[in-house]
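The residues of the chain are indexed from 1 along the displayed sequence. Fair warning: this is a prediction, and the values are worked out from it, not measured in the lab.
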Amino acid sequence: MSRQDRREFLSKSMALGMAPIFTGTSLSSPEVTADSMPAQQAPAEFFSGFKREQIKTSGTAINAVYGGKGSPILLLHGIPETHILWRKVAPLLQQDYFLVIPDLRGYGDSGKPPGGADHLGYSKRAMAQDMVEVMKHLGFEEFAVVGHDRGGRASHRIALDHPEVLTKLVILDIVPTYTLYQNITKEFATIFYHWFLLVQPPPFPETLVANSAEYFLKSTLLWLGGHPITDPIPDWLGADAFHEYLRCFRNPDSIHAICEDYRAAASIDLEHDKVDLNKKIECPLLVLWSEKGPFHRMYDVLQTWKDRAKDAQGKPLPTGHFLPEQVPQELTRELKSFLSA
């Protein structure tokens, strides 16, 4: 991204940040009515010894926890989670690395700015800019990034817009967005139905999801994790983490923001990606993905990233989509081996 493009982007982001947020989502379901919704409470503590801070960026406020010692790593979550995705990995890394673990804009306890008519407010460019500013606020001009799911897409954009800040990049269980949208198949549309539901104009998807927020959240976690959606909460997730995810997810502004994330992916993100198709990820890249997931079956995952990077390596891990929760020990071994090389 050129300096002029960056100035124009920051100007638009700051303008969006001062606009009113979406407030039109229905709460007609008994599950999420004002009377039945529990009073707002402090998030459960999953990162003992870490500091928590709301960090102001040019576009919003980012909720983050950070701690540890050593070289810095930025850990980014995906949908439908928050920063607590990393609760099992953090204790395994904090003795060797300084960890910064935020909620993406629109998720968790981070700000939920308007998307704007073109959904710029939830573009991966906006998310990437937030993260670069968060790290700069904490004193880091260079750092490694590990991004899962939507966090992986924001991480890819950091690599394209801010290559000077990245030392190494790890992307977990995704294929590049542009590649996905250029190869829509019946199988993809069936499995990833939510990509097409959530992009519909508001308030249609917001209302549907809000009226069944707990069911939608649980079903998404279960099927992406490789379980039938009728199963109970699995051990790798646990009741405490599920309730914390639900606390954040059932917020109507969060649901709208998640929809805006997907609307951006289907529109302005593709415009940005098309411009940068010939731009390669410059730092070393590690790609890890679910051996049991649909990407492994449908794509040559590593090759899709070799096409976008100068130096890419990777392999599948024998688990479902949520690698940091389902196989934290195995994932940590791969991260340490790559980051220390």
Side-chain angles (χ1 to χ4, degrees), residues 38-57 61-111 130-131 134-140 143-151 154-155 170 172 217-218 221 225 233-251 254 288 319-340:
Q40 188 71 11
Q41 56 187 347
E45 183 52 66
F46 293 94
F47 297 89
S48 178
F50 280 57
K51 182 176 179 181
R52 182 181 299 274
E53 184 177 353
Q54 286 278 331
I55 300 173
K56 180 66 177 175
T57 69
I62 297 297
N63 177 64
V65 297
Y66 52 85
K69 57 185 179 181
S71 57
I73 306 177
L74 175 66
L75 301 175
L76 300 180
H77 67 86
I79 183 179
E81 303 123 335
T82 66
H83 71 280
I84 70 163
L85 170 75
W86 300 102
R87 67 194 179 280
K88 299 178 185 179
V89 172
L92 305 177
L93 289 176
Q94 69 182 97
Q95 295 304 315
D96 301 301
Y97 299 96
F98 187 89
L99 307 178
V100 181
I101 314 175
D103 293 328
L104 295 169
R105 65 164 57 196
Y107 291 79
D109 292 311
S110 283
D130 284 336
M131 295 305 122
V134 164
M135 296 304 282
K136 187 173 183 179
H137 169 82
L138 295 173
F140 301 117
F143 48 91
V145 177
V146 184
H148 175 258
D149 191 88
R150 311 307 286 181
S155 300
V170 183
L172 303 180
L217 174 67
K218 181 185 175 186
L221 289 166
I233 298 296
D235 290 341
W236 60 261
L237 176 57
D240 288 346
F242 177 75
H243 290 144
E244 172 61 7
Y245 286 145
L246 179 60
R247 179 187 71 84
C248 297
F249 182 80
R250 73 194 318 172
N251 179 345
S254 294
L288 301 170
T319 186
H321 177 61
F322 302 104
L323 281 67
E325 292 177 301
Q326 293 182 274
V327 287
Q329 298 280 352
E330 293 90 333
L331 175 60
T332 300
R333 282 197 294 269
E334 297 295 336
L335 294 179
K336 286 186 173 181
S337 176
F338 175 70
L339 294 171
S340 63

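Taken from CG in Leu335 to CD in Glu330, the straight-line distance is 11.5 Å, to the nearest 0.5 Å. Rounded to the nearest 0.5 angstrom, Met131 CE and Leu75 CG are separated by 11.5 Å. We find the OH-OG distance between Tyr107 and Ser254 to be 9.5 Å, quoted to the nearest 0.5 Å. Residue Leu76 holds its CG atom at 10.0 Å from CG of Leu172, rounded to the nearest 0.5 Å. Of the inter-residue distances, the one linking Phe249 atom CZ with Leu246 atom CG reads 8.5 Å to the nearest 0.5 angstrom. Glu45 CD to Phe47 CZ: the interatomic distance, rounded to the nearest 0.5 Å, is 8.5 Å.
Looking at residues two or more places apart in sequence or on another chain, you find a side chain to side chain contact (heavy atoms under 4.5 Å, CB included) between Thr57 and Thr60, Ile62, Asp130, Glu133, Val134. A search for side chain to side chain contact (heavy atoms under 4.5 Å, CB included) contacts involving His137 returns Glu53, Ile55, not counting sequence neighbours.
Not a single donor-acceptor pair under 3.5 Å links the side chain of Asn63 to the backbone N or O of Gln54. Judged purely by atom type and a 3.5 angstrom limit, Ser110 uses its side chain to pair as donor or acceptor with the backbone of Asp103. When atom types are taken as modelled, the side chain of Arg87 and the backbone of Ile84 share a donor-acceptor pair closer than 3.5 angstrom. Judged purely by atom type and a 3.5 angstrom limit, Thr332 uses its side chain to pair as donor or acceptor with the backbone of Pro328. Judged by distance alone, the side chain of Gln326 and the main-chain N or O of Gly225 form a donor-acceptor pair under 3.5 Å.
Taking each heavy atom of Ser155 and Val145 in turn, the nearest pair found is OG-CG1, 3.2 Å. Closest non-hydrogen pair, Ile101 versus Trp86, comes out as CG2-CD1, 3.6 Å. Minimum interatomic distance between Gly78 and Leu85 (heavy atoms only, all atoms of both residues): N-CD2, 4.4 Å. The two residues Ile79 and Phe322 come nearest to each other via the heavy atoms O-CE2, 4.2 Å.
Between Leu288 and Leu331 the shortest side-chain heavy-atom distance falls below 4.5 Å. Side-chain contact between Arg247 and Asp109 is present, with at least one heavy-atom pair separated by less than 4.5 Å. Residues Leu217 and Tyr245 have side chains in contact (heavy-atom distance under 4.5 Å, counting atoms from C-beta outward). Side-chain contact between Lys218 and Ile233: present, with at least one pair of heavy atoms (C-beta onward) separated by less than 4.5 Å.
Under 3.5 Å, the side chains of Asp149 and His77 contain no donor-acceptor pair of N or O atoms.
Remark: aromatic rings of Phe46 and His83 are distant, center separation not under 6.0 Å.
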Show me the donor-acceptor pairs, under 3.5 Å and distance only, between side chains in residues 88-100 and residues at least two apart or in other chains.
unit_1	atom_1	unit_2	atom_2	d
Lys88	NZ	Trp236	O	2.5
Lys88	NZ	Glu325	O	2.9

